[in-house]
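This report refers to the structure that appears directly beneath it.
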Amino acid sequence: MSINRILNIGHSGMVAASLGTAATSHNITNSSTEGYSRQRVAQKPRPIHHGGGLAISSPTRVQDSFVDRRLLSAISLEGEASARSDSLRSLDSMFADIGGAVGDALDNFESAIADLSNDPDSDAARQLVLTRTTQLAQSFNQASADLDAAQDDANGRIRLALGQLNEKLQTIGDLGRDIVSGSTIGEDVSTLMDQRDQLVREVAEYLPVTVLDQPHGAVSVLLAGSRSLVPVDGPVPQLLHDVDANGNTTILRQGSGAPEDITSLITSGKIAGYLSARDGAIADAQADLDQLAYDIATQYNAVHAAGQGRDGASRNLFEVLPAVVPPTGSAEALAISADVVGNPDGIAAALDGTLPSDNRNALALLDLAQTDIASGGTASASEAFSAMLADVGISIQSANTKADNATVIREQAQAMRDAISGVSTDEEMVALMQFQRAYQASLRVVETADAMLNELLNMRR
Amino acid sequence: MRVPDSLFQARSMTALRKSRAAYLDAQEQALTGRRVSKPSEDPLAIGRARSFQDRKRRADNHERAGGFATSRLQVMDSAVGELENLMARAREIGIQALNDTLNASDRADLAGEVDELVAHMRALADTREGDKYIFSGLSSDVAPLDGTGAYQGSAEVQEIEVAPGVRVPLGITAADVFANPSANAYSALEGLATALRANDKAAMNTQTGEVINAGNLVSDMRAQIGAHQTSVDIAANVVSNNSLIAIENFEREVSADAFEAFSALSQAQSALTAAVEIAAQLPLPGLVGR
């Protein structure tokens, strides 16, 4: 063995220690960088008869693909649950204080009818019925508008998310091409891969994505395991939005062919949460409110029109709502009848309007408060509203619980990923000391070889 | 298990987040005294609370109706009580007039007094509450008796709901007490006055009998008003109990127990303080410590 070989062995150790120190320093510097995977320099001994010393590789990321996939899934589930919970929060405020404005208006309306039945000839009692009827209609109108706004908010969030997603997907595609070209010529592409994986996790927050590993460090990203979002080659499809017959936002994927409606494929991620809240609890509350408004208007009209005002004429109390099944839009359209607006004498407290103290129809109206006029004839208006409150509460509570659970699951998955890929500065400190000592030892090898060479040269003098 | 630096941060952040949320909840309960106010906090309790609130409101409505009925029945009882006294005086006049020591002039004087009683009776029949004739049934805008003493109101009486499913007539009509076909007080007094002026003892005797019968009927009618008032009072007791039960149940569903609320606040405060202190004591990396 030549002394030069010993020098080369020492040199390879110094290079390995330097690279190791560089990787460790890189790890320490990025210990708080989101999505960063710690890097390691792989070393393996080179056989003595092949020159000896160390063979080293470029720094590689430490990761577990299985754990990373699991984290992606957990991120999507948390995104869905938290988005649903956030979207339903407005309902909680809408019906706070044991029922909110609709509950109060319903109470006040029934109390006004009760007061009218006590004193049917009282101008004040008649005026109060008009006021409370108007307020009841307005509270339904406002609640319906608030529910519409909650749905519009979900639609707006979906549209906003799609714009951001298109940018992220395009960047993932661009990074993929850089990774392939870099790895093909042996460049260190770890940082690019970290950036790409972090973007994939950000996409997973909104959509259910599957990542398939491809040669040269590339990946392809699929939606729901079937529709390509980022191909290895070729252009990245665009996510577009459209509007369905109900005015709700739908999601389209524009690939090489005609746009495809992929709304039903989105089963997790924030967009799924917005869709679920919009088409689930919010739509259910709107349907319940519409049904209750329709039942109240129809039933009170039937009784009111059977009586007479002070002038002996019969009128409706509410404007007639379209008899459609389901009665969509009834809460928005509920209004006091134009026949009684500003006309307290038009309130039909009597069966015979010529009798001033005839309260028989007012008593019949009062009976309606206790009659099963709602929910298909199974509950009074107040009971139906209480049931609706409970349903809304259960939906929100369930969404909140799922969001909490999903966060725990995501945190566990994140902890598992960090346990493998995260940086421990204590570990890095030990590694730093190891590489420092290794460098010193390799330097000593070089010094020794140099001394041997000097000895050899001195021998000839 | 490898423990990367990020795990310390993540755990601390989670603990802080949960502790702050728990503290906010506990603080709200302690401040408002309410255990629940939003549907998501306890959906079933909110549904039940709404139902109890509904019962309380109905009880309030019935209490107002009971007050209205009591006011009307008291006015009516007062009027019929006066009528009772008036009929007693008429009976005394009728009996006094049958005394043989009285001459035609004396009986004419008594007839004058009976005329005054008739006028007073008409005034009682015309008793109003506000601008409503209370003895005219549903026709409260017309005087109950016409010039001849015939009833001209409606046969029906207003009913009022004073408890769930309990409706009480709001008194009686003049047809029941002033001009009842079976014992007409108005006709009896007018007949007595006529008999007195005619100095006709037989007619006086007959009319005095009519006055006595009508007087008895007035007493019966007054008892009926009393019975209505009793019904109102019984209903008021039921409604008052219902109201108290509804309030109690409502409070049980939504109110926070003060001791529990402050204990929870104290616990949440301790947990939050501990979480903050632990977060502040995260281990320094070995590199920094060297």
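Lettering follows sequence order; numbering is per chain, from 1.
At least one side-chain heavy atom of B:Q158 sits under 4.5 Å from a side-chain heavy atom of A:P120. Side-chain contact between B:R2 and A:I420: absent, with no pair of heavy atoms (C-beta onward) separated by less than 4.5 Å. Side chains of B:P4 and A:R38 form no contact here, defined as non-hydrogen atoms less than 4.5 Å apart. Looking at A:F385 and B:R50, their side chains come closer than 4.5 Å, going by heavy atoms from C-beta outward.
A distance of 10.0 Å separates CD1 of B:I46 from OG of A:S386, quoted to the nearest 0.5 Å. With rounding to the nearest 0.5 Å, the separation of CD1 in A:I394 from CG in B:L44 is 5.0 Å. In this structure, B:I160 CD1 and A:N359 CG are separated by 7.5 Å, a value rounded to the nearest 0.5 Å. Taking CD of A:E411 as the reference point, atom CZ of B:R11 lies at 8.5 Å (rounded to 0.5 Å). Between the CZ atom in A:R89 and the NZ atom in B:K38 there is a gap of 8.5 Å [rounded to 0.5 Å]. Taken to the nearest 0.5 Å, the OG atom of A:S382 stands 8.5 Å off from the CD atom of B:Q53.
Donor-acceptor pairing under 3.5 Å is lacking for the side chains of A:E383 and B:S51. Side chain to side chain, A:D92 and B:S40 meet the donor-acceptor criterion of an N or O pair below 3.5 Å.
Taking chain A as the reference chain and counting heavy-atom pairs below 4.5 Å, the highest number among B:E159, B:K132, B:R58 is found for B:R58. With chain B as partner, the option from A:A96, A:S93, A:S424 having the largest number of non-hydrogen pairs under 4.5 angstrom is A:S424. The candidate with the highest count of non-hydrogen atom pairs below 4.5 Å against chain A, out of B:E156, B:R167, B:E161, is B:R167. Interface check for chain A: of the options B:E41, B:R17, B:R72, the most heavy-atom pairs under 4.5 Å are formed by B:R17. For the set A:I396, A:D107, A:D121, A:L106, the entry with the most heavy-atom pairs within less than 4.5 Å of chain B is A:D107. Listed options A:G422, A:P356, A:A415 were ranked by heavy-atom pairs under 4.5 angstrom with chain B; first place goes to A:P356.
Of residues 26-35 of chain B, those residues with a non-hydrogen atom less than 4.5 Å from any non-hydrogen atom of chain A are, in numerical order, B:R34. The contact list for residues 360-371 of chain A toward chain B, using heavy atoms and a distance under 4.5 Å, reads A:R360, A:L363, A:L366, A:D367, A:A369, A:Q370 by residue number.
When atom types are taken as modelled, the side chain of A:D418 and the backbone of B:L7 share no donor-acceptor pair closer than 3.5 angstrom. Remark: side-chain polar atoms of B:D5 are not paired, donor with acceptor, to backbone N or O of A:S32 under 3.5 angstrom.
Under a 4.0 Å N-O distance rule, the pair B:R64/A:D119 does not qualify as a salt bridge.
Across A:D358 and B:L138, no two heavy atoms sit closer than the pair CA-CD2, 3.9 Å. The nearest pair of heavy atoms linking A:S357 to B:S140 is OG-OG, 2.7 Å.
In this structure, the portions of B:A65 lying under 4.5 Å from any heavy atom of chain A include both its backbone and its side chain. Heavy atoms of A:Q414 lying under 4.5 Å from chain B are absent altogether. For chain B, no part of A:S398 is nearby; none of its heavy atoms comes within less than 4.5 Å. Neither the backbone nor the side chain of B:V157 comes within contact range of chain A; no heavy atom of the residue lies under 4.5 Å from a heavy atom of that chain. Contact of A:S111 with chain B is made through backbone and side chain together, with heavy-atom distances under 4.5 Å. When heavy atoms are compared at a cutoff of 4.5 Å, B:F250 approaches chain A solely by way of its side chain, counted from C-beta outward.
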